[in-house]
Visitor: 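Encoded as structure tokens, here's the structure I'll be asking about.
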Amino acid sequence: MSDFILEIYGEEIPSSAQSLIENQFEKLFSHLLEDNEIKYKDLLTFSTSRRVVVYVNGLNNYINSKQIEVRGPQVDASQMAIQGFLKSNNLENINKLETKVIKDKSYFVLKKKTKKQNISDILKTETPKILQSIKWVKSMRWGNHNDRWIRPIKNILCIFNNKLLKIKFANLDSNNFSFGNYHFEERKFQYSNYLNYRAKLKKTFVMLERSTRQKHILKKIDVFCKKNNLKFINDSSLLKRISNSVEFPNVYFGSFDNKFFKIPEFLLKNIMSDKQDYFIFEEKNNKLSNYFGFVSGIKVKKHNKLIEGNLNVLKARFSDAAFFINEDKKKGLINRVNQLKEIVFYEQAGSLYDRAKRIKSVIKFIYEKLGKKDDQFENFLIYANTDLASELVKEFPTLQGKVGGFLANFENFPKTVSQAFADQYEYEFSKSYDNFLTFILSISQKFDSILGYFVTKESLTGAGDPFGIRRSTLSIIKICIDKKINLNFSELFDFHKNLYLVQNVNLKIEFGFLFDFFQKRIVNLFKEMGFRNDIIIASIDKKFNPYAIIIRAKKMTELYNSRDGKNFLKAFKRLNSLNENVGNKSVEVSLLKKEEEKNFYNLIDYIKKNVDESKHDFIFENFNYLYQLSETINNFFDNVIVNDDNVKIRTNRKILVNKLHQVLNDNYRFSLLEI
Amino acid sequence: MLTFQEIIDNLYSYWKKKGCIQIQSYDLEMGAATFHPSTVLRVIDKEPWSAIFLQPCRRPSDGRYGENPNRLQHYYQLQVLIKPSPSDSQAMYLESLRSINIDKNLNDIKFIEDDWESPTLGATGLGWEVQCNGMEISQFTYFQQIGGIDVNPVCLEITYGLERIATFVQNVDSVYKIKVNDSGVTYGDLYLENEKQMSFFNFKLASKNHLYNSFKYHEESAKTLIENKLPIPAYEQCIKASHSFNLLDSRGLVSVSERQAYILRIRSLVQSCCKLVKKNV
């Protein structure tokens with residue numbers, strides 16, 4: 001059996017591109033092999049900071065010749081089509097063609113024997129095409145040619161059956177050699193076979209598998225944590241990024257001076273993990289430790305210089321943060337709020353100050369709707385997004401909110417308020433998190449962002465979410481559900497739209513548009529939670545109250561799965577199939593003759609009485625009533641002919657059917673269920 | 001130990017041996033050496049181009065009143081340009097570091113992904129931020145576009161942050177402690193007072209009205225010069241407009257959306273200049 005290896009070696013490949021290229025190699029090479037009916041055992045891909053590798057084993061050297069049948073045009077096709085087929089198969093006339101009936105139509109077919117093909121020839125022709133067809137998020141040219149790759153390529157190793165396979169890409173001819181880790185002299189080595197290749201990589205400090213690099217890092221961290229009694233704050237995306245940045249990870253640890261703890265923890269953490277890509281730790285008491293870890297491509301015995309260098313950078317970054325904190329503390333949130341007037345929120349949607357005023361009003365509105373009081377903190381709400389004018393947020397944009405919370409705390413705002421400022425941009429909250437103001441602030445500012453986005457735009461197209469609108473929508477829905485916030489979005493929209501109007505901003509969208517937008521999110525979310533699609537749709541009403549919707553969906557599911565519920569839905573189906581729109585007519589009681597139709601009529605009144613606004617969920621609350629309901633409906637249809645010969649009676653019965661249908665369907669939308 | 005001026009000398013010497021022509025600093029305020037006409041107006045044609053020059057740079061909003069150990073509103077960049085980009089670019093760069101006593105085998109030199117772009121110049125490039133033991137010391141970029149025009153052949157741009165490199169080479173924890181020469185003159189002796197005073201100007205005192213007017217004046221001048229097919233002086237006006245904008249920004253007078261609008265105004269002028277240059281070639 002033969003194997004194939006392709007290694008593209010070059011300058012540092014960004015972490016995000018490594019998985020992308022591995023996935024595409026896997027897809028494109030497996031398609032190539034399968035399309036050509038080439039059998040193989042394993043197809044493996046690897047990547048490091050300097051190389052991407054695809055390896056296929058269990059290959060034959062040839063594809064043996066075989067008899068195949070090529071279908072041509074139909075026998076009665078135009079001469080042009082037939083001639084074209086002959087030409088493409090190097091035939092002069094139709095003598096060598098046979099005819100075959102396929103699905104009642106007669107076709108020309110050519111039976112021929114394929115040539116025996118070298119698999120190496122296929123790989124030689126197709127590999128450069130694959131290299132050209134990679135779909136990058138970003139790619140580049142270099143030097144004097146037009147081929148694109150993620151970063152410049154230095155060497156292409158391409159081997160089939162342990163022999164050089166000559167291909168050309170990006171001005172480079174393939175070779176039968178590769179290089180070791182360039183931090184260790186970049187030693188060139190000849191390829192002899194795969195096992196030997198792996199052994200040589202290992203010897204020259206290249207860990208080809210990402211998982212091996214990650215394990216190596218984690219092992220070093222584990223030893224360090226045990227020794228120093230620390231807890232590692234594991235961030236899997238950081239770990240992946242770091243392990244992708246090297247061919248061999250050497251882990252080093254340092255610690256910064258305790259004096260920097262005057263800087264808030266969230267800022268220290270952000271600087272270390274987001275800006276410097278350092279690993280961070282906690283003490284046993286959950287306080288941030290002053291130890292940090294980092295990974296380097298080089299291994300040095302005297303690592304003081306390495307650690308000292310990193311520490312100096314950290315000190316400079318901390319010192320910069322301290323500078324901003326001082327500037328922001330000097331100015332404070334209260335004094336800065338007017339600066340928001342100069343910052344545009346969205347084009348034509350006013351300033352950030354206008355937004356702050358709207359958010360404050362919305363919070364008040366929601367509190368009133370929920371029957372809660374907001375007197376203690378009402379006056380502070382205007383400062384909820386004032387941190388957007390702060391120096392810290394300008395420098396650390398991802399810390400918006402956290403900075404506001406920090407400054408609010410510094411200015412002795414109530415704890416509830418500063419915590420709400422800090423956490424308002426979170427998308428989800430844990431079960432134990434219970435600051436109610438945070439939820440309402442979070443909903444209000446996200447709702448305002450969504451509406452603001454649609455001030456100038458009439459739709460949100462494309463798969464991306466550059467302004468986070470889709471994510472915010474989902475977050476609002478989740479908060480309402482998780483925290484049991486009983487809020488009608490239709491009312492919220494009307495109120496909010498009016499706030500924009502007062503500020504002379506005319507929203508182009510109506511609630512119908514927003515309803516559809518929210519509905520898509522809720523359907524996806526509920527599907528993920530395991531609800532049936534028809535039940536979700538039936539549970540959503542015009543008021544659009546996510547918390548009420550989920551309760552209804554749960555009850556509807558319960559009804560759907562119960563024996564009485566199933567019987568009832570069958571009865572409803574009969575009702576639904578005979579229902580006609582009869583306009584706004586009333587039932588004439590005098591025309592009700594049979595006992596079954598009188599009972600049916602009484603049902604309408606009974607349900608109507610119970611299903612008013614306050615007892616909307618009457619049926620869900622009274623499953624035992626379903627049996628009686630089904631019986632009455634079935635008895636009616638079993639014993640009463642709706643299409644009576646007498647027009648008056650017929651019409652009256654149709655009204656009867658329509659009225660019961662209406663009272664059930666308007667409130668429960670059973671007709672949307674797949675019964 | 002190498003002094004600040006020896007670091008500059010060594011890098012000049014190294015790259016001149018590699019065939020780079022030594023260009024002089026440009027006499028206008030600019031935010032980065034990339035703004036130098038020897039970069040912007042030279043990389044868009046097909047002719048080979050290898051150059052090195054030192055450029056004083058100004059980023060008003062980076063001023064810290066001299067209180068931050070490595071953040072300055074005025075500093076020096078050493079820039080190397082090679083078109084077409086050589087196949088051993090990285091090796092050449094690492095060798096240049098060796099000429100200033102930074103050995104890649106003893107120090108952690110990392111190439112960190114950095115998709116460079118200058119919205120003002122309508123320029124993009126792919127490459128890395130180069131870190132030495134965690135500190136950014138260079139930008140390493142393969143230009144893909146400038147002034148909205150494809151750079152073909154691709155030009156390599158290496159920008160050395162001289163002050164940071166010097167703090168590393170001399171093992172000091174503040175740029176102000178850098179020894180400039182053997183007689184003990186420090187960077188702080190030369191520039192600390194400048195940083196303090198200029199920070200006050202940049203953050204507190206630069207005249208709002210004057211800046212708005214000067215931006216408009218330079219913008220109008222550039223337009224007139226473009227109409228007269230004079231891209232070189234027109235581009236100078238773009239550099240001046242850009243500096244006025246940077247000062248407006250440091251004075252906190254530019255909102256988020258306005259900021260984008262200003263950048264687009266400069267960019268469209270730079271694009272016109274580049275198109276004119278490309279046409280003339």
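The shown structure was predicted, so the numbers you read here are calculated from the model rather than taken from an experiment. Lettering follows sequence order; numbering is per chain, from 1. What's counted below: heavy atoms across the whole structure, side chains too, no hydrogens, waters or symmetry copies.
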Visitor: Side chain, backbone, both or neither: which part of A/Phe318 has an atom under 4.5 Å from a heavy atom of chain B?
Guide: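 No part of A/Phe318 comes within 4.5 Å of chain B.
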Visitor: Which of parallel (below 30°), tilted (30 to 60°) and perpendicular (above 60°) describes A/Tyr182 and B/Phe111?
Guide: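 If you compare the ring of A/Tyr182 with that of B/Phe111, the planes turn out tilted.
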Visitor: Under 6.0 Å between ring centres, would you say that holds for A/Tyr278 and A/Tyr291?
Guide: no
Visitor: Main chain of A/Gly309, side chain of A/Asn312: is a donor-acceptor contact present, judged purely on distance under 3.5 Å?
Guide: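 The answer is no, because no donor-acceptor pair under 3.5 Å joins these two groups.
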Visitor: Go through the atoms of B/Asn171 and report whether side chain, backbone, both or neither lie under 4.5 Å from a heavy atom of chain A.
Guide: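 Side chain of B/Asn171 only, per the 4.5 Å heavy-atom cut-off to chain A.
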Visitor: For A/Gln339, is it the side chain, the backbone, both, or neither that has a heavy atom closer than 4.5 Å to a heavy atom of chain B?
Guide: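 Answer is neither: A/Gln339 stays 4.5 Å or more from chain B.
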Visitor: Counting only non-hydrogen atoms closer than 4.5 Å, does A/Arg50 touch chain B with its backbone (N, CA, C, O), its side chain (CB onward), both, or neither?
Guide: side chain
Visitor: Is any side-chain N of the basic residue among A/Lys315 and A/Asp257 closer than 4.0 Å to the acidic one's carboxylate O?
Guide: no
Visitor: Identify which part of B/Arg71 has an atom lying under 4.5 Å from any heavy atom of chain A, answering side chain, backbone, both or neither.
Guide: side chain
Visitor: Could you look at A/Glu12 and say if it's the side chain, the backbone, both or neither that has a heavy atom under 4.5 Å from chain B?
Guide: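 Interface part for A/Glu12: both.
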Visitor: Can you say whether the rings of B/Tyr142 and B/Trp128 are parallel (under 30°), tilted (30 to 60°) or perpendicular (over 60°)?
Guide: perpendicular
Visitor: Can you name the nearest heavy-atom pair linking A/Asn181 to A/Phe205, along with the distance?
Guide: ND2-O, 2.8 Å
Visitor: Taking the six-membered ring for Trp, are B/Tyr191 and B/Tyr76 ring centroids under 6.0 Å apart?
Guide: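 Centroid separation for B/Tyr191 and B/Tyr76: below 6.0 Å.
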Visitor: Measure A/Lys154 against the heavy atoms of chain B and call it side chain, backbone, both or neither at under 4.5 Å.
Guide: side chain
Visitor: Determine the option with the most heavy-atom pairs under 4.5 angstrom with chain B, choosing from A/Glu327, A/Lys299, A/Lys138, A/His303.
Guide: A/Lys138
Visitor: At a 4.5 Å cut-off on heavy atoms, which part of A/Arg141 comes close to chain B: side chain, backbone, both, or neither?
Guide: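 Interface part for A/Arg141: both.
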Visitor: Just give me the residue among A/Ile150, A/Asp320, A/Val246 that pairs up with chain B most often, heavy atom to heavy atom, under 4.5 Å.
Guide: A/Asp320
Visitor: Where do B/His74 and B/Tyr187 come nearest, in terms of heavy atoms and distance?
Guide: O-OH, 3.9 Å
Visitor: Sort out for me which of A/Pro152, A/Ser139, A/Pro14, A/Gly143 touches chain B most, counting heavy-atom pairs under 4.5 Å.
Guide: A/Gly143
Visitor: Hey, which of B/Arg164, B/Gln90, B/Glu113 has the most heavy atom pairs under 4.5 Å with chain A?
Guide: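 Top option by heavy-atom pairs under 4.5 Å: B/Gln90.
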Visitor: Relative to chain B, which segment of A/Asn250 carries a heavy atom at a distance below 4.5 Å: side chain, backbone, both, or neither?
Guide: neither
Visitor: How many angstroms lie between atom CG of B/Asp45 and atom CD1 of B/Ile149, to the nearest 0.5 angstrom?
Guide: 10.5 Å
Visitor: What part of B/Ile109 is in contact with chain A, defined as an atom under 4.5 angstrom from a non-hydrogen atom: side chain, backbone, both or neither?
Guide: backbone
